[in-house]
2 protein chains.
Amino acid sequence: MNRMNFIKPAIPETTLRRLLYYMRCLRTYKKDGVKTVLSDNIAKKCGVKSSVVRKDLSYFGEFGVRGKGYDVDELCHKLDTMLNSLGPINTIVIGAGKLGTAIINHSKENFKTNIIAAFDKNRDKTGKNINGVPVYSLDKLEDIIKENNIKIAVIAIPPCEVQPVVDRLVSAGIKSILSLALLPINVPEGVEVSFFDVLSEVEYLFLKLNFKES
Amino acid sequence: MNRMNFIKPAIPETTLRRLLYYMRCLRTYKKDGVKTVLSDNIAKKCGVKSSVVRKDLSYFGEFGVRGKGYDVDELCHKLDTMLNSLGPINTIVIGAGKLGTAIINHSKENFKTNIIAAFDKNRDKTGKNINGVPVYSLDKLEDIIKENNIKIAVIAIPPCEVQPVVDRLVSAGIKSILSLALLPINVPEGVEVSFFDVLSEVEYLFLKLNFKES
DNA sequence: TATACTATGTGATTGTGAGAACAAGCACAT
DNA sequence: ATGTGCTTGTTCTCACAATCACATAGTATA
Ligand SMILES: NC(=O)c1ccc[n+]([C@@H]2O[C@H](COP(=O)([O-])OP(=O)(O)OC[C@H]3O[C@@H](n4cnc5c(N)ncnc54)[C@H](O)[C@@H]3O)[C@@H](O)[C@H]2O)c1
Ligand SMILES: NC(=O)c1ccc[n+]([C@@H]2O[C@H](COP(=O)([O-])OP(=O)(O)OC[C@H]3O[C@@H](n4cnc5c(N)ncnc54)[C@H](O)[C@@H]3O)[C@@H](O)[C@H]2O)c1
C-alpha cells in the first residue's frame with residue numbers, strides 16, 4: 001500500500017524534483033536563523049516563479065499564513081516529517097574509484113541520502129572505510145542489499161563492467177538504478193533505470209547556447 | 001547570427017537531450033559494423049518510443065529511407081557535420097579534486113567535449129597534467145578563457161568557494177555554468193546556470209518509487 | 001472594530017511535448 | 001512496369017505542466 005496516498009492527485013514529477021530543492025533551500029534559511037520567508041524568497045533562490053512554489057507546496061498541504069508568508073521552522077519540520085514517513089533513503093554505490101569516493105564524501109554534507117555501503121572488485125579497496133562507509137567485495141552484494149532492504153543503487157564503474165553487475169542488482173531486489181556510465185542497460189519490466197552524465201549536460205548546454213545567441 | 005537558423009522552428013529541449021543520446025548510440029552501431037538501423041532499434045536502446053525518435057530526427061532533416069530504415073554511416077556523418085558546424089565543444093573544469101579528475105578522465109572516452117584546462121587553488125595540483133589536460137592556478141583563469149573563447153564552465157569545488165569563482169567566470173565571458181555544488185548562485189541576466197547532483201537524483205528516485213509501489 | 005494591505009491557495013487558461021495513427025515513398029519481387 | 005510490403009515522416013489528439021488571475025484569509029494600523 002502506498003503510504004503517500006494521502007497526497008490526493010498524482011503529483012507532477014517536476015514538482016517532486018523542485019520540492020527537494022526547496023527543502024535544501026529552507027534548511028539554509030533555518031541555519032541562517034531566518035524566521036519567515038515568502039514564496040517569492042524561495043522562488044528567487046531556486047530560479048522559479050513564486051506561483052510555482054505555492055502550487056508545488058499546495059500538493060502537500062497548506063503551510064503558509066496569508067498576508068505573512070511561511071514559518072521556516074514549521075515548514076521545514078512538516079516537509080521533513082512527510083519525507084521521513086516514507087522511511088530512510090538508503091542506497092549503495094558500486095565502484096569505489098574517484099567518482100564513487102567523491103559521491104560518498106559528498107553525501108556527508110547536508111543530504112538525506114544514506115550510503116550504506118560501497119562495492120569494488122579491486123582487493124586493494126575492499127575492507128576499508130571511505131568517510132565511514134564500508135567498502136565490500138562484490139561477494140557481499142546480495143547480502144547487504146537484502147539485509148538493508150536497499151531499493152536504489154548508484155553505478156560508478158567502467159561501462160564495459162556494467163551489465164553483469166546490473167543483472168545481480170536486479171535479482172537481489174534493486175528497483176531503481178542510477179547509472180553514471182552512459183551505456184544502454186537491459187533490465188526486466190518494473191525496474192527503473194536513469195542515467196546521469198556531466199559531459200552530456202555540457203553538450204546539451206552547448207546546443208542550447210547555439211540556439212539562443214542572436 | 002545564429003548558425004543553426006536552418007533548423008526551422010524552435011526545437012524542444014527534450015529533443016536536444018535525446019539527440020545526443022541517439023548520436024552516442026549510433027557511434028556504437030557504427031563501431032560494431034551495423035549497416036542500417038530502424039527507428040525502433042534506436043528507440044529500444046535509448047528507452048523511448050520509435051515515433052519519438054522519428055519525430056526528433058525530423059527536426060533536423062530527412063535521413064531515412066522509407067521501408068528500409070537509416071544508413072548508420074550516413075546518419076552519423078550528417079548529424080556529426082551539423083554538430084561540428086557549430087564549432088568545437090570546449091569547456092573548463094574548476095577544481096581538480098576527485099570529482100574534477102573523474103570528469104577529465106571520463107571525457108577521454110567517446111565524448112565530443114574537449115576539456116581545455118582545469119583550475120585549482122591548491123599549489124600541489126597546479127602545473128601538472130591530468131590525462132593530458134593541464135591544471136592551472138586561478139591566476140590564469142581569465143587568460144585561458146579568453147584565448148580559447150570558452151563559453152561553458154564546470155564547477156567542482158566545495159560549495160563555500162563557489163560564488164567568488166562564479167563572479168570571475170562571468171566577467172571573463174562565461175555564458176553557461178554547470179555547478180556540481182548545490183548552492184544557489186547569483187549571476188547577471190544572460191548567464192545560464194544549471195545544477196547537477198547525483199544525490200538529488202537518488203532522492204528523486206526514492207520519491208518516485210514511493211509513489212509508484214502498489 | 002473597521003479598513004487597508006499583503007501574500008497565500010486555487011480554479012481556469014494556455015502552452016508544449018508525447019504518443020498514436022495514418023499517409024507517403026522507396027525497394028524489391030514478380 | 002506494376003504491385004506488395006515495409007518503415008519513414010507527419011498530422012492530430014491527448015495529457016500534463018506552467019502561468020495567470022483572483023478569491024481568500026490572515027496581519028497591521030488607526
Ligand atoms: N556520468 C558522469 O558524469 C561520469 C563522470 C566521471 C566518470 N564517469 C564514469 O564512471 C566510471 C568510474 O570513474 P572513476 O573516475 O571513479 O574511475 P576509477 O578507475 O577511479 O574507479 C573505477 C572503480 O571501479 C572499480 N570496478 C571496476 N569494475 C568493477 C566491477 N565489475 N565491480 C565493482 N567495481 C568495479 C575499480 O576497481 C575502480 O575502483 C568511469 O568509467 C566513467 O565512465 C561518469
Ligand atoms: N553534484 C554531485 O553529484 C557531486 C558529487 C560529488 C561531489 N560534489 C561536490 O564537488 C565538490 C568537490 O568534490 P571532490 O570530491 O572533488 O573534493 P576534493 O576535495 O577531492 O576536491 C576539491 C578540489 O577543489 C579545489 N578547490 C577548493 N577551492 C577552490 C577554489 N576556490 N578554486 C579552485 N579550486 C578550489 C581543492 O584544492 C581540491 O583540489 C564537493 O565539495 C562536493 O560538494 C558534487
Side-chain angles (χ1 to χ4, degrees), chain A residues 7-22 25-26 29 34-72 74-76 78-79 82 192 194 204 207-208 211-212, chain B residues 7-22 25-26 29 34-76 78-79 204 207-208 211-212:
Chain A
I7 296 164
K8 299 140 280 185
I11 296 177
E13 307 205 340
T14 46
T15 294
L16 293 182
R17 278 214 149 78
R18 285 191 298 263
L19 182 71
L20 295 163
Y21 208 81
Y22 301 156
C25 172
L26 284 166
Y29 276 126
V34 179
K35 279 268 166 285
T36 40
V37 290
L38 310 182
S39 60
D40 198 49
N41 298 144
I42 303 175
K44 287 263 166 49
K45 267 235 189 301
C46 299
V48 298
K49 294 261 164 66
S50 65
S51 58
V52 173
V53 173
R54 291 199 300 277
K55 176 143 246 187
D56 285 342
L57 290 177
S58 78
Y59 285 107
F60 300 94
E62 297 195 10
F63 305 107
V65 179
R66 296 174 193 216
K68 189 141 176 260
Y70 301 87
D71 181 283
V72 173
E74 186 191 323
L75 182 52
C76 254
K78 284 190 176 165
L79 293 178
M82 214 154 54
E192 183 153 62
S194 23
Y204 167 67
L207 287 185
K208 246 176 118 177
F211 278 98
K212 287 205 317 189
Chain B
I7 295 164
K8 301 140 280 184
I11 296 177
E13 306 204 341
T14 46
T15 294
L16 293 182
R17 281 213 149 77
R18 286 192 296 265
L19 183 70
L20 295 164
Y21 208 81
Y22 301 156
C25 171
L26 284 165
Y29 276 125
V34 178
K35 280 268 165 286
T36 39
V37 290
L38 310 182
S39 61
D40 197 49
N41 300 144
I42 302 175
K44 287 263 166 48
K45 267 233 191 298
C46 299
V48 297
K49 292 266 159 66
S50 65
S51 58
V52 173
V53 173
R54 293 199 298 277
K55 171 111 80 123
D56 285 342
L57 290 177
S58 78
Y59 284 107
F60 302 93
E62 299 195 9
F63 305 107
V65 179
R66 294 168 194 221
K68 190 141 175 263
Y70 300 89
D71 182 283
V72 173
D73 279 357
E74 186 190 323
L75 182 52
C76 253
K78 284 191 177 166
L79 293 177
Y204 168 68
L207 288 184
K208 247 177 117 176
F211 277 98
K212 287 205 318 191

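Everything numeric here is computed off the predicted structure, so don't read it as measured data. Just so we're on the same page: letters track the sequence lines, and every chain starts at 1.
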**OP:** Could I get the full list of salt bridge (charged side-chain N to carboxylate O under 4.0 Å, His left out) partners for A:Arg17, not counting sequence neighbours?
**Re:**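 By the salt bridge (charged side-chain N to carboxylate O under 4.0 Å, His left out) rule, A:Arg17 matches B:Glu201.
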
**OP:** Quick one: list whatever passes salt bridge (charged side-chain N to carboxylate O under 4.0 Å, His left out) with B:Lys78, sequence neighbours left out.
**Re:**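 B:Lys78 satisfies salt bridge (charged side-chain N to carboxylate O under 4.0 Å, His left out) with B:Glu74 only.
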
**OP:** Between protein and nucleotides 6-12 of chain D, map the contacts as a letter string: B base, S sugar-phosphate only, - none, heavy atoms under 4.0 Å, written 5' to 3'.
**Re:** BBBBBBB

**OP:** Give me the first and last nucleotide of DNA chain C, going 5' to 3', that has any atom under 4.0 Å from a heavy atom of chain A.
**Re:**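 Nucleotide range with atoms under 4.0 Å of chain A: C:dT6 to C:dA12.
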
Output a table of donor-acceptor pairs, distance under 3.5 Å, between side-chain atoms of residues 39-47 of chain B and any protein atom two or more places apart or on a different chain; print 'none' if there are none.
from, atom 1, to, atom 2, distance (Å)
B:Ser39, OG, B:Arg54, NH1, 3.0
B:Asp40, OD2, B:Lys44, NZ, 3.0
B:Asn41, OD1, B:Leu38, N, 2.8

Subject >> Pairs satisfying salt bridge (Lys or Arg N to Asp or Glu O under 4.0 Å), at least one member in residues 55-71 of chain B, at least two apart >> reply: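 The answer is B:Arg18-B:Asp56.
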
Subject >> Partners passing ring pair (Phe, Tyr, Trp, His ring centres under 6.0 Å) against A:Tyr204 (at least two apart in sequence or in another chain) >> reply: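 Not a single residue meets the ring pair (Phe, Tyr, Trp, His ring centres under 6.0 Å) criterion with A:Tyr204.
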
**OP:** Show the numbers, then the answer: is there a side-chain contact (heavy atoms from CB on, under 4.5 Å) between B:Phe63 and B:Leu79?
**Re:** CA-CA 10 Å; B:Phe63 305 107; B:Leu79 293 177; 4.3 Å; yes

Original post:
Does A:Val34 have any side chain to side chain contact (heavy atoms under 4.5 Å, CB included) partners at least two apart in sequence or in another chain, and if so, which?
Top reply: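 Only A:Tyr29, A:Asp32, A:Val37, A:Val72 meet the side chain to side chain contact (heavy atoms under 4.5 Å, CB included) criterion with A:Val34.
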
